[in-house]
Amino acid sequence: MSNKTIAFIGTGNMSYAIIGGMIKNGFAPQSIIATNRNQDKLAKVAADFQVQTTSDNNQALRDADVIVLSVKPQMMAELCQSFIDSGVDFSDKLFISVAAGITVARLRAMLAQKVKMVRCMPNTPCLLGRGVCGLYGEDISCEEREYVTKVFSATGIATWVEQESQINDVIAVTGSSPAYFFLFMEAIEEKAKALGFSDEQARQLVQQTALGAAEMAVSQPDISIAQLRANVTSKGGTTHAAVEHLKSQHLHSTVAGAMDACIARAEEMEQEI
Ligand SMILES: NC(=O)C1=CN([C@@H]2O[C@H](COP(=O)(O)OP(=O)(O)OC[C@H]3O[C@@H](n4cnc5c(N)ncnc54)[C@H](O)[C@@H]3O)[C@@H](O)[C@H]2O)C=CC1
Ligand SMILES: O=C(O)[C@@H]1CCC=N1
C-alpha cells in the first residue's frame, strides 16, 4: 500500500499543506497527483513540490489508488456526481475526505457506492510537519489504516477516533484552532502597532513570542500549561494585571463557547449538505 498513488482532488490551502508535509517527510513526488480547476494553483503546487498535476479529476480518479476529497463542503456533491458520470470504476479505491460537516454516510450517498472511506480532519500546520490530523475510518483494512496513518504522520500527529461524531470535536480542538491562535496574535499585533511599534516590529515581536511560548510547552511536557503561565505571572506584577483582566472578561468561557459554536456549525452542515 505504501507504493500507492494518492490524488488530491481540489488542491487548495488544506491539500497544499498536506502535500507539503508529505514531501518534506520523504514521500515521492511521483506518487502524488494534485488537481485543481485553477491553473495558477496547479502551477504553484508543481513548482513547489514537483508532484504530478492535472485539471482532469477523472484522470486522477483513474490513475490513483487513494482519492483525497478536498474541495469545499458545498462543492462536494457536484464533484462526486462528476465521478459517477465519468464511468471510472472507483469501487475499490480508498477515499479520504478532509471536508468538515459531511458524514461517511452522506459521502457514500453522494458517490452512490459504499466505498472504503476515511474522514480526516487536518489543520494547516501540516505544511510544516507540525499538523494534527484526526482520523475516522469505515470498512478499511489494517493495511489501509496503516497507509493512512503513514501519510498523515508525515504531516505531524495523526490520531484515530472511534466515533465519527468525534471528528467534529477534532475540528474545534485542532482543525479550526490555528485561527484562534492567529486571532490572538492579530489582537496583540494590532495593539503593538497602536503603542507605536512599526508593522515589521509588531509582527516580529508577536510571532517570536507565540513561537517561544509554544516551544516552551512542547519542550517541557512535565510542566502543565497552567504552570508555564503561572511562571510568567509575578505576584502583584504586570502579567497578573493582564491575566486578571482577561479572566474578568471571561476568556475561558468565551473560548469554550467558540469551540461549541464550531461543533454546532459542523453538525448544522451535516444537515445542510
Ligand atoms: N483550510 C483549513 O484549515 C481546513 C480545511 N479543511 C477542509 O478542507 C477542504 C478544503 O478547504 P480549503 O483547502 O481551505 O479550501 P480551498 O478553497 O483553499 O481549496 C479548495 C480548492 O478546490 C478547487 N476546486 C473546487 N472545485 C473543484 C473541482 N470540481 N475540481 C478541482 N478543483 C476544484 C478550488 O479551486 C480550490 O482551490 C474543505 O472541505 C474544508 O472543510 C479541513 C481542515 C482544515
Ligand atoms: O473553517 C472550516 O470550515 C474549515 C474546517 C476546519 C478549518 N477550516
Side-chain angles (χ1 to χ4, degrees), residues 7-21 33-46 48 51-64 67-86 88 95-104 106-107 110-111 117-128 130-136 151-152 155-159 161 166-183 258-273:
F8 290 81
I9 312 294
T11 310
N13 290 318
M14 196 56 251
S15 279
Y16 178 89
I18 296 169
I19 293 170
I33 305 172
T35 85
N36 205 309
R37 286 172 167 170
N38 180 316
Q39 291 297 337
D40 292 345
K41 292 203 168 146
L42 282 185
K44 179 164 170 55
V45 76
D48 291 353
V51 297
Q52 304 181 57
T53 56
T54 176
S55 55
D56 184 349
N57 290 334
N58 296 338
Q59 186 65 46
L61 177 68
R62 199 172 290 118
D63 292 348
I67 311 296
V68 183
L69 303 170
S70 61
V71 296
K72 292 281 189 200
Q74 293 75 9
M75 312 293 287
M76 194 63 83
E78 182 192 319
L79 174 67
C80 291
Q81 187 58 49
S82 73
F83 284 167
I84 295 168
D85 295 343
S86 74
V88 176
F95 282 80
I96 302 175
S97 166
V98 301
I102 314 184
T103 60
V104 169
R106 186 75 192 104
L107 288 160
M110 287 178 183
L111 289 165
M117 181 67 76
V118 170
R119 281 190 66 193
C120 166
M121 189 43 55
N123 63 11
T124 50
C126 285
L127 179 65
L128 309 174
R130 297 219 181 267
V132 179
C133 296
L135 298 164
Y136 169 79
V151 167
F152 290 102
T155 69
I157 294 171
T159 186
V161 296
Q166 291 175 279
I167 285 291
N168 291 348
D169 302 341
V170 173
I171 304 180
V173 178
T174 61
S176 293
S177 71
Y180 321 157
F181 290 104
F182 290 133
L183 190 63
M259 292 169 73
D260 285 338
C262 187
I263 294 167
R265 179 61 192 137
E267 289 170 351
E268 199 176 65
M269 285 165 68
E270 286 173 4
Q271 304 307 315
E272 282 174 8
I273 294 168

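One-based numbering, in listed order, for ligands and for the atoms of each.
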Peer 1: Hey, does M110 have a side-chain heavy atom less than 4.5 Å from the side chain of M76?
Peer 2: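 When only atoms from C-beta onward are counted, M110 and M76 do touch, with a gap below 4.5 Å.
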
Peer 1: Considering only non-hydrogen protein atoms, determine which one is nearest to atom 19 (O) of ligand 1 and report residue, atom name and distance to 0.1 Å.
Peer 2: G12 CA, 3.1 Å

Peer 1: Any protein heavy atom lying closer than 4.0 Å to atom 7 (C) of ligand 2?
Peer 2: yes

Peer 1: Within the 4.5 Å heavy-atom criterion, are T53 and T35 side-chain neighbours or not?
Peer 2: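 They are not in contact (no side-chain heavy atoms under 4.5 Å apart), so the answer is no.
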
Peer 1: Is it true that the side chains of T11 and N36 contain a donor and an acceptor less than 3.5 Å apart?
Peer 2: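 The criterion, which ignores hydrogens and geometry beyond distance, is not satisfied for N36 and T11.
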
Peer 1: Tell me the nearest of K72, M269, M76, Q81 to atom 15 (O) of ligand 1, using heavy-atom distances.
Peer 2: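 Residue with the shortest heavy-atom distance to the ligand atom: K72.
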
Peer 1: For ligand 1, which part of M121 has a heavy atom less than 4.0 Å away: the side chain, the backbone, both, or neither?
Peer 2: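 Looking at M121 and ligand 1, just side chain atoms fall under 4.0 Å.
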
Peer 1: Count the heavy atoms belonging to other residues, nucleotides or ligands that lie under 6.0 Å from OH of Y180, then report whether that count exceeds 12.
Peer 2: yes

Peer 1: Give me the residue, atom name and distance of the protein heavy atom closest to atom 22 (O) of ligand 1.
Peer 2: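 Of the protein heavy atoms, G10 CA, 3.3 Å lies nearest.
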
Peer 1: Please check whether V71 reaches ligand 1 - meaning an N/O of the residue sits under 3.5 Å from an N/O of the ligand, judged on distance alone.
Peer 2: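 Checking ligand 1 against V71, an N or O pair does fall under 3.5 Å apart.
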
Peer 1: Please report which non-hydrogen protein atom sits nearest to atom 41 (O) of ligand 1, along with the residue it belongs to and the distance in Å to one decimal place.
Peer 2: A100 N, 3.0 Å

Peer 1: Looking only at protein heavy atoms, which one is nearest to atom 28 (C) of ligand 1, and what is the separation?
Peer 2: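 Result: R37 NE, 3.5 Å.
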
Peer 1: Any salt bridge between E272 and R265, counting N to O under 4.0 Å?
Peer 2: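 Yes, charged N to carboxylate O under 4.0 Å.
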
Peer 1: Within a strict 4.5 Å, meaning less than it, do heavy atoms of the V170 and V161 side chains meet?
Peer 2: yes

Peer 1: To the nearest 0.5 Å, how far apart are CD in Q52 and CD1 in I33?
Peer 2: 4.5 Å

Peer 1: Nearest protein heavy atom to atom 3 (O) of ligand 2, by residue and atom, and its distance?
Peer 2: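 Its nearest protein heavy-atom neighbour is A100 CB, 4.3 Å.
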
Peer 1: To the nearest 0.5 Å, how far apart are CD in E267 and OG1 in T103?
Peer 2: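 Reported value, rounded in 0.5 Å steps: 12.0 Å.
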
Peer 1: Is there side-chain contact between I9 and F83, with heavy atoms separated by less than 4.5 Å?
Peer 2: yes

Peer 1: What residue and atom, counting heavy atoms only, is the protein's closest point to atom 1 (O) of ligand 2, and at what distance?
Peer 2: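 Checking every protein heavy atom, the shortest distance to atom 1 (O) of ligand 2 gives S176 OG, 4.6 Å.
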
Peer 1: May I ask you to decide if R37's main-chain N or O and S55's side chain share a donor-acceptor pair within less than 3.5 Å?
Peer 2: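 Side chain of S55 to backbone of R37, a donor-acceptor pair under 3.5 Å: no, none is there.
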
Peer 1: Could you name the option among V98, I9, N57, I102 that has the heavy atom nearest to atom 30 (N) of ligand 1?
Peer 2: N57

Peer 1: Report, in ascending order of atom number, the atoms of ligand 1 lying under 4.0 Å from any heavy atom of K41.
Peer 2: 37 (O)

Peer 1: How far is atom 34 (C) of ligand 1 from the closest protein heavy atom, and which atom is that?
Peer 2: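 Going atom by atom, the protein heavy atom closest to atom 34 (C) of ligand 1 ends up being N36 OD1, 3.6 Å.
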
Peer 1: What are the atoms of ligand 1, with element, lying closer than 4.0 Å to any heavy atom of P73?
Peer 2: 38 (C), 39 (O), 41 (O)

Peer 1: Can you pull out the closest protein heavy atom to atom 2 (C) of ligand 1? Residue, atom name and distance to 0.1 Å, please.
Peer 2: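 Going by distance alone, atom 2 (C) of ligand 1 is nearest to M14 SD, 3.8 Å.
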
Peer 1: Can you tell me how far the CG atom of N123 sits from the CE atom of M14, to the nearest 0.5 Å?
Peer 2: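 So the CG of N123 and the CE of M14 are separated by 6.5 Å.
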
Peer 1: If every non-hydrogen atom of R119 is compared with every non-hydrogen atom of G101, which pair is closest and at what distance?
Peer 2: NH2-N, 3.7 Å

Peer 1: Taking atom 18 (O) of ligand 1 as the point of reference, which of I18, T11, N13, N123 owns the nearest heavy atom?
Peer 2: N13

Peer 1: Does G175, backbone or side chain, put an N or O under 3.5 Å from an N or O of ligand 1?
Peer 2: no

Peer 1: How far is atom 10 (C) of ligand 1 from the closest protein heavy atom, and which atom is that?
Peer 2: S70 O, 3.1 Å

Peer 1: Please identify which atoms of ligand 2 are closer than 4.0 Å to at least one heavy atom of G175.
Peer 2: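 The list of qualifying atoms is 6 (C), 7 (C).
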
Peer 1: Would you indicate whether the side-chain heavy atoms of I157 and F152 approach each other to under 4.5 Å?
Peer 2: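 Sidechains of I157 and F152: no contact.
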
Peer 1: With backbone taken as N, CA, C and O and side chain as the heavy atoms from C-beta onward, which portion of P122 lies under 4.0 Å from ligand 1: side chain, backbone, both, or neither?
Peer 2: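 It is both backbone and side chain that touch ligand 1.
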
Peer 1: Can you tell me the protein heavy atom closest to atom 3 (O) of ligand 1 and the distance?
Peer 2: T124 CG2, 3.4 Å

